[in-house]
Each structure stands twice: as structure tokens, then as C-alpha cells.
Amino acid sequence: MVSSCTLCPVLLNDLMTRKFYITTPIYYVNARPHIGHAYTTIACDTIARRHRMLGDDTFFLTGTDEHGQKIERAAETAAKSPQQYADEISGEFRGLWKRMGISNDDFIRTTEERHVKRAQELFKRIRDNGYIYKGTYTGQYCVSDELYVDGAQPGDPCPTCGRITETVHEENYFFKLSAFQDKLLELYANPDFIRPEARRNEVIAFVRSGLRDLSISRSTFSWGIPVPDDPKHVIYVWLDALANYITAIGFGSAHAGAQEAFKKYWPADVHMIGKEIVRFHCVYWPAFLLAAGLPLPKAIVAHGWLLFEENKMSKSRGNIVRTETILDVLGADALRYFLLREVVFGQDGSFSFDALVQRYNSDLANGIGNLASRTLTMINRYFSAEVPYPSHAAAKRPADEVVAQTAAKVIREFGELFDQFQFSRALEAVWGLIATVDKYIVENEPWSLGEKHDDESRARLATVLYTSAEALRIATALSYPVIPDATARIWQQLGLGDIKKLDLTRLAWGQLALGTKLGDVHPVFPRADKSAIERMQKMEDHQRAPIVEEARDSAPPATPAKPQPAASVPADAVATSNGKITIDDFAKVELRVGQIKVAERVPKSDKLLRLEIDIGIEVRQVLAGIVEAYAPETLVGRKVVIVANLAPRKMRGLESNGMIVAASLEGGKPVLASFLEDVPVGARLK
Ligand code: MSP
């Protein structure tokens with residue numbers, strides 16, 4: 001029996017305040033942040049903001065995933081130490097989130113000591129519970145996804161990203177994943193555990209097909225967390241990364257405060273992820289937690305991809321849109337609103353500057369922005385900036401009641417839809433209310449009523465403006481989590497102070513106090529003209545192609561070509577006085593083994609082929625003037641040498657990112673450099 005008096009306050013507190021813990025995936029530091037990353041972060045930020053407003057004790061975590069072979073190689077390509085490289089890109093993520101006003105409560109980096117120690121603690125727990133053993137792994141590995149590809153043969157592509165897998169043969173620690181098949185299937189019986197339904201079905205099918213034990217350490221490189229008591233091995237980067245969800249809130253710490261935090265916030269209420277990492281989160285992560293004897297997260301929610309020009313936005317495809325461009329031209333709220341309104345959550349959605357500006361103008365500038373400025377300006381003008389009294393019954397009309405009822409319905413619907421992650425529909429409901437009020441204002445013509453001075457017109461005017469302002473207040477309160485900056489300003493203009501202090505659980509029609517003194521009225525969403533699209537496009541083109549040069553690939557050379565290596569030395573590799581370069585100069589040229597995945601002719605060019613070449617860390621688009629020597633179909637699968645650190649160039653409107661090395665023989669056709677032995681993709685030539 002426990003004496004109740006000491007526990008009472010704690011229990012009461014638990015009953016009164018719910019906790020809410022939400023996480024983003026932690027972002028790899030091999031690529032600078034783009035709007036695909038911003039999408040996940042924005043969705044989580046929006047949910048966290050709503051929960052704070054509902055009074056929940058909310059913890060919102062994000063961070064960066066900094067270990068593993070992929071990062072080690074990316075750092076090498078950038079001629080930096082992995083730590084230096086990780087520091088820079090992690091700093092960019094952190095800086096961008098700050099600039100966007102993201103409300104994360106912590107930012108975890110997997111290279112931080114707190115994470116390293118606690119991740120090792122998790123490994124020990126799993127090992128002490130008997131779920132880890134030593135073995136040898138021989139098989140294929142995708143470095144880009146940091147994924148073991150079961151059943152694949154050398155040369156096979158990764159089923160997730162299509163890049164050619166690498167053969168791995170090394171002594172590893174294995175996790176007894178196979179022991180958890182039944183337990184996992186039981187877990188998936190709860191329909192809320194994996195959302196949406198399609199992803200849940202995918203995971204169930206995968207687990208039903210049988211689980212093999214998983215290698216959870218690597219021993220052929222060192223950029224990772226050493227395995228406790230066996231530092232020749234580093235912990236598999238996915239186990240390291242997934243652990244962030246518990247290490248950040250104090251798991252494995254000896255400090256009482258950290259232990260308390262872990263007890264309070266774990267298990268997570270929502271792990272928000274992109275659909276490509278469902279297996280790691282829905283199969284491996286729960287299995288690791290079960291093995292460690294820890295509680296499981298309540299829900300894993302997978303969203304779709306943001307597409308640009310019909311492909312997943314990603315660094316390797318070179319089709320990313322930087323968030324900063326949109327922030328500079330339209331601001332963070334515009335991007336937040338667009339992504340959550342335009343994309344059906346869970347499905348893929350396309351991004352385009354045209355659609356962004358169109359939405360911005362129709363819903364933000366002409367929608368909530370216009371409703372705010374016209375309503376508040378009229379209250380300023382006709383009622384000396386004080387919320388008017390909606391007057392006596394005689395001035396009421398059924399139309400007023402329609403607005404009030406619509407607002408009450410939208411408050412209910414918005415909450416239900418939002419909590420089911422149906423952000424687009426939730427926003428549609430609020431913008432439905434805005435449209436109803438717009439129509440109401442047009443039909444009741446407050447500007448005409450304002451010109452009349454009889455009592456009845458004055459009373460009617462007060463009712464119309466009160467009704468409009470109250471609907472505006474409700475639309476503003478509901479959309480705060482999505483467009484926090486603009487709604488905070490509208491709230492001030494309504495004379496209501498700090499919007500963050502609003503208790504959303506009590507939001508209802510009729511709470512706008514009569515006589516409230518309005519703040520200064522300023523437009524929150526000025527209209528964007530066509531030049532906004534052009535400006536954003538230009539900013540992005542500029543980023544993508546620092547050197548813009550049209551290929552003169554069909555023009556005859558002015559002088560006969562001399563034999564020369566196709567890979568020219570960069571300008572900063574200065575020759576010494578005797579015409580030789582130093583070894584340091586040579587080291588600046590990054591030559592790598594690449595494998596051609598796609599080869600096709602460039603339209604209207606008689607020399608150029610467009611190649612997609614896997615160079616181990618990513619797939620590059622390279623344009624090569626080799627049409628006369630090679631039919632495109634003969635090149636697919638061939639291993640070639642590419643200069644990987646050449647500045648991108650534009651040819652025939654396409655970006656070429658690197659150069660393929662070939663002997664260029666006088667009067668003859670180019671001959672591609674190749675190898676007699678089998679060499680792994682991505683290997684560096686020194
Ligand atoms: N580091 C792993 C996650 C480890 S979590 C324990 C990883 N990182 S990532 O940087 O490649 O991707 C992280 C997330 O960014 C994706 O899951 C997804 O949420 C988001 N996105 C990256 N590109 C995206 C799009 N083009 N579209 C939508 N989301 C995208 O995977």
C-alpha cells in the first residue's frame with residue numbers, strides 16, 4: 001500500500017496536464033536543408049503548437065543524423081573531417097529552423113556526447129537481454145540509404161533508391177530481429193500505430209514475409225559510435241539514429257533530472273517520418289525497444305514526398321528548392337500554409353512556384369489577410385477602433401446566426417480533422433468560414449450602413465462588424481499553428497495580446513469582448529505580383545548553376561585537337577615553374593569510380609549524351625560529348641571514372657555535375673577510361 005498523501009499532487013497534476021511528445025526524423029548532414037526537410041519539420045511544428053495551445057505539456061524534438069559511411073564519404077568529397085562537415089551542415093539546419101521560427105524544444109546531434117553515451121547504453125541493454133550475437137555478414141549494402149539489402153546479388157540496385165549496392169563482407173554484431181515477428185504483428189493490430197493505412201499494410205506484408213536477423217554494427221570504417229567493450233566496431237547508423245528519440249529526453253543518463261524527463265515524456269506520442277523510412281521506424285525501432293524492455297511509441301505517421309518537376313525532391317536529382325528562397329520572397333507562413341493546404345497529408349504532392357504564389361494570393365492575401373484588414377479598418381473608422389456592441393435584437397438577421405453556427409461547426413471539425421493529420425481538410429474548413437464571412441460582408445454592405453446615421457443602420461452596422469470580427473478571431477485562433485506569424489499579428493490588431501496565451505480548449509463563439517480596443521492595423525499578407533515567381537525561380541537557378549555556359553558542342557574546334565586527358569585540371573591547381581603540378585594540386589581533383597545507370601541522347605545535340613552516374617554517395621547527372629563513340633544502351637551498367645568535384649556547368653539547358661574521363665585521340669573517337677579488375681562504385685582514384 002502506498003500512502004496517498006505524497007502522491008496526490010503528482011497524480012492530480014498528471015490528470016490535469018497531458019504530456020505530448022513529437023519528433024521529426026533527424027536529418028542526414030550529407031545534404032543542405034531543402035523544402036522536403038522543411039515539410040516534415042513544419043508539420044511537426046504545427047502539431048506541437050496546437051498541443052501547446054490545448055494546454056498539453058509538449059516536447060518537440062528535431063536534430064541531425066551525423067554518423068555512418070555516407071557522411072564519412074560526403075565529408076571526404078568535401079575535403080573536410082567528418083566532424084567539421086557535420087558541424088557545418090547541422091548548423092545550417094539549426095539556423096534555418098531558427099529563421100523559420102520552428103518551436104522545437106531541443107535539437108539533438110548524434111555526435112553529441114550525451115547521445116553517444118546513451119546510445120551505447122541502449123546497445124548494452126539489448127545485449128544484456130540476450131538479443132545480440134556476433135557473426136559475419138556477407139551481402140549487399142546501400143550506402144545512400146544505409147540499408148542492408150537482403151537477398152541482393154553484387155551489382156543489384158537498392159530497392160529503395162535504385163543505386164547500385166555495394167558488397168559488404170565483415171564481422172558484425174547481429175540483432176535477433178527474427179525473435180520479434182509475432183510481437184510486431186500483434187502491435188500492428190492497433191490501427192493507430194502506423195498511419196496512414198497504406199503504410200500499415202505495407203509493413204504488415206513485409207513482416208509476415210519473414211524477418212531475418214539484422215547486422216547492427218560495422219567494422220570497416222570508423223565514423224560512428226563505438227560498440228561498448230568492442231571499439232573495433234561502430235554501431236549501425238540506424239540503431240544510433242533511432243536512439244535519438246530516447247537519448248534526447250534522458251534515457252540512459254545518470255542524472256535525476258534527465259531520468260525524470262524520460263519518465264515524463266517517453267513513449268513518444270507521434271514519430272513523424274517520410275514514407276521512405278517506414279521500415280526502420282515501424283519494424284526495427286519497436287523491435288529494438290522491445291528487446292531493451294522499453295515502452296513503444298504510440299503512433300508512427302508517414303507523410304508522402306514533395307515532388308518537384310515530377311520527381312522526389314532530393315539533392316542527388318538536383319531538383320531541390322531551397323527554403324530560404326521562399327522565406328526571402330513570401331515568408332515562412334506562406335510556405336507553411338501552402339504545404340499543409342495543398343498537399344494531401346500522406347500522399348505525394350507537387351511543388352511549384354506558380355502554385356505557391358497562386359495559393360498565397362487567393363487564400364492568404366485575398367482570404368484571411370483581406371478579411372482582417374477590411375473588418376478592422378471599418379471598426380477603426382466607424383467605431384473609433386473599439387469592438388462594437390452587437391446591438392439589440394431588432395438589429396439581428398438570420399445571416400448573423402449562419403456565421404455564428406458555421407464558426408461553431410468549424411471549431412469542432414478543425415480539431416477532429418487536425419488530430420487525424422488531415423491538415424488540408426482542416427484548413428479547408430477554416431477557409432470555408434472565411435468565405436462565408438466574406439459573402440456576409442458583401443451582402444450586408446457595412447460601408448453603405450456606415451454612410452447612414454439613423455439608429456437602425458448604426459445598430460445593424462455594429463452587429464455586422466462584430467460578427468465579422470468574431471469570425472475573424474476564430475479563424476485566426478484555429479489557423480495559428482499553421483501560420484503563427486501572421487495570426488499573432490492579427491491577434492494583436494484585434495487587441496487581444498499574445499495569441500500563445502489562448503486556451504484553445506475553450507474557444508467558442510461570442511467571446512470577443514465588447515469595447516476591446518484594437519491595435520494598429522497593418523496588412524499581414526500583401527499581394528504578390530507575377531515578379532515574385534520570376535524572382536524565386538531566378539534565385540534557384542542561380543543556386544543550381546553557379547557557372548552558366550552554353551555548350552558549343554556542335555561547333556567545329558578552331559584548331560585541331562591535340563591528344564589530352566578529358567579531365568582538365570581546375571584553375572586553382574597552379575603549375576610549378578617547370579610546368580609540373582604538385583601532388584597536393586593533383587589531390588584537389590576528385591576522381592571516383594562511377595557506374596552508369598541511365599544513358600540517353602540530349603535532344604538537338606549531335607555530340608552530347610545525358611548520363612546518370614552512381615558515384616557511391618549519390619547519383620549525378622553528367623553530360624558527355626561521346627555520342628559518336630558510344631550508343632547509349634551499351635553504356636548502362638558500365639563502370640567509368642568521373643571527376644566528381646568539378647563545378648556544375650549548364651549545357652543545352654541541362655546541368656552537368658562532373659566529368660567523365662576519356663582518352664581523346666587526335667582525329668579519333670573518345671575512349672572511356674575503364675578497369676580490368678572489379679572495383680567498387682564510389683572508390684576514389686589517387
Ligand atoms: N537520417 C535519416 C532519418 C533518421 S531518423 C532516426 C533520414 N534522413 S533524411 O535527411 O534523408 O530524410 C529525413 C526526412 O526528410 C525524411 O524522412 C522526410 O521526412 C524528409 N524529406 C526529405 N526529402 C523529402 C521530400 N522530397 N519530400 C518530403 N519529405 C522529404 O532519412
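Counting convention: from 1, in listed order, for ligands and their atoms alike.
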Query raised in the report: Can you list the steps and then say if Tyr245 with His281 is a ring pair (Phe, Tyr, Trp, His ring centres under 6.0 Å)?
Result: CA-CA 11 Å; Tyr245 299 134; His281 283 81; 5.6 Å; yes

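- Note that Arg195 lies outside the cation-pi zone of Phe421, set by a 6.0 Å cut-off to the ring centre and a 45° limit from the axis.
- At a heavy-atom distance under 4.0 Å, only side-chain atoms of Tyr245, from C-beta outward, approach ligand 1.
- When each of Ile533, Ile326, Ile35 is tested with Leu356 by the rule side-chain contact (heavy atoms from CB on, under 4.5 Å), just one qualifies, namely Ile326.
- Remark: Arg127 fails to qualify as a cation-pi partner of Tyr173 under the 6.0 Å distance and 45° angle criteria applied to the six-membered ring.
- Within the 4.0 Å heavy-atom shell around ligand 1 one finds His281.
- Considering backbone and side-chain N/O atoms, Gly304 never comes within less than 3.5 Å of an N/O atom of ligand 1.
- Checking only distances, Tyr27 never comes within under 3.5 Å of ligand 1, N or O to N or O.
- Per-residue contacts place Pro25 under 4.0 angstrom from the following atoms of ligand 1 (heavy atoms of the residue considered): 3 (C), 5 (S), 14 (C), 17 (O), 19 (O).
- Residue Ser314 has no N or O atom closer than 3.5 Å to an N or O atom of ligand 1.
- Below 4.0 Å from some heavy atom of Gly274 lie the following atoms of ligand 1, by number and element: 17 (O), 18 (C), 19 (O).
- Using a 4.5 Å heavy-atom threshold, the side chains of Asp333 and Pro484 count as touching.
- Under a cutoff of 6.0 Å and an axis angle of 45°, Arg212 and Tyr148 do not form a cation-pi pair.
- Checking each of Phe345, Tyr480, Phe423 against Phe418 for a ring pair (Phe, Tyr, Trp, His ring centres under 6.0 Å) leaves exactly one that passes, namely Phe423.
- By the criterion of a heavy-atom distance under 4.0 Å, both the backbone and the side chain of Leu306 are placed next to ligand 1.
- Among residues two or more places apart in sequence or in another chain, the side-chain contact (heavy atoms from CB on, under 4.5 Å) test is passed with Gln83 by Glu66, Ser81, Asp87, Arg109, Thr111, Trp223.
- Not a single N or O atom of Ile277, backbone or side chain, sits closer than 3.5 Å to an N or O atom of ligand 1.
- Neither the backbone nor the side chain of Met272 comes within contact range of ligand 1; no heavy atom lies under 4.0 Å.
- The distance from ligand 1 to the heavy atoms of Leu242 drops below 4.0 Å at these ligand atoms: 6 (C).
- Considering backbone and side-chain atoms alike, Thr40 places an N or O below 3.5 Å from some N or O of ligand 1.
- The shortest separation from a heavy atom of Glu146 to ligand 1 is not under 4.0 Å, leaving the residue out of contact.
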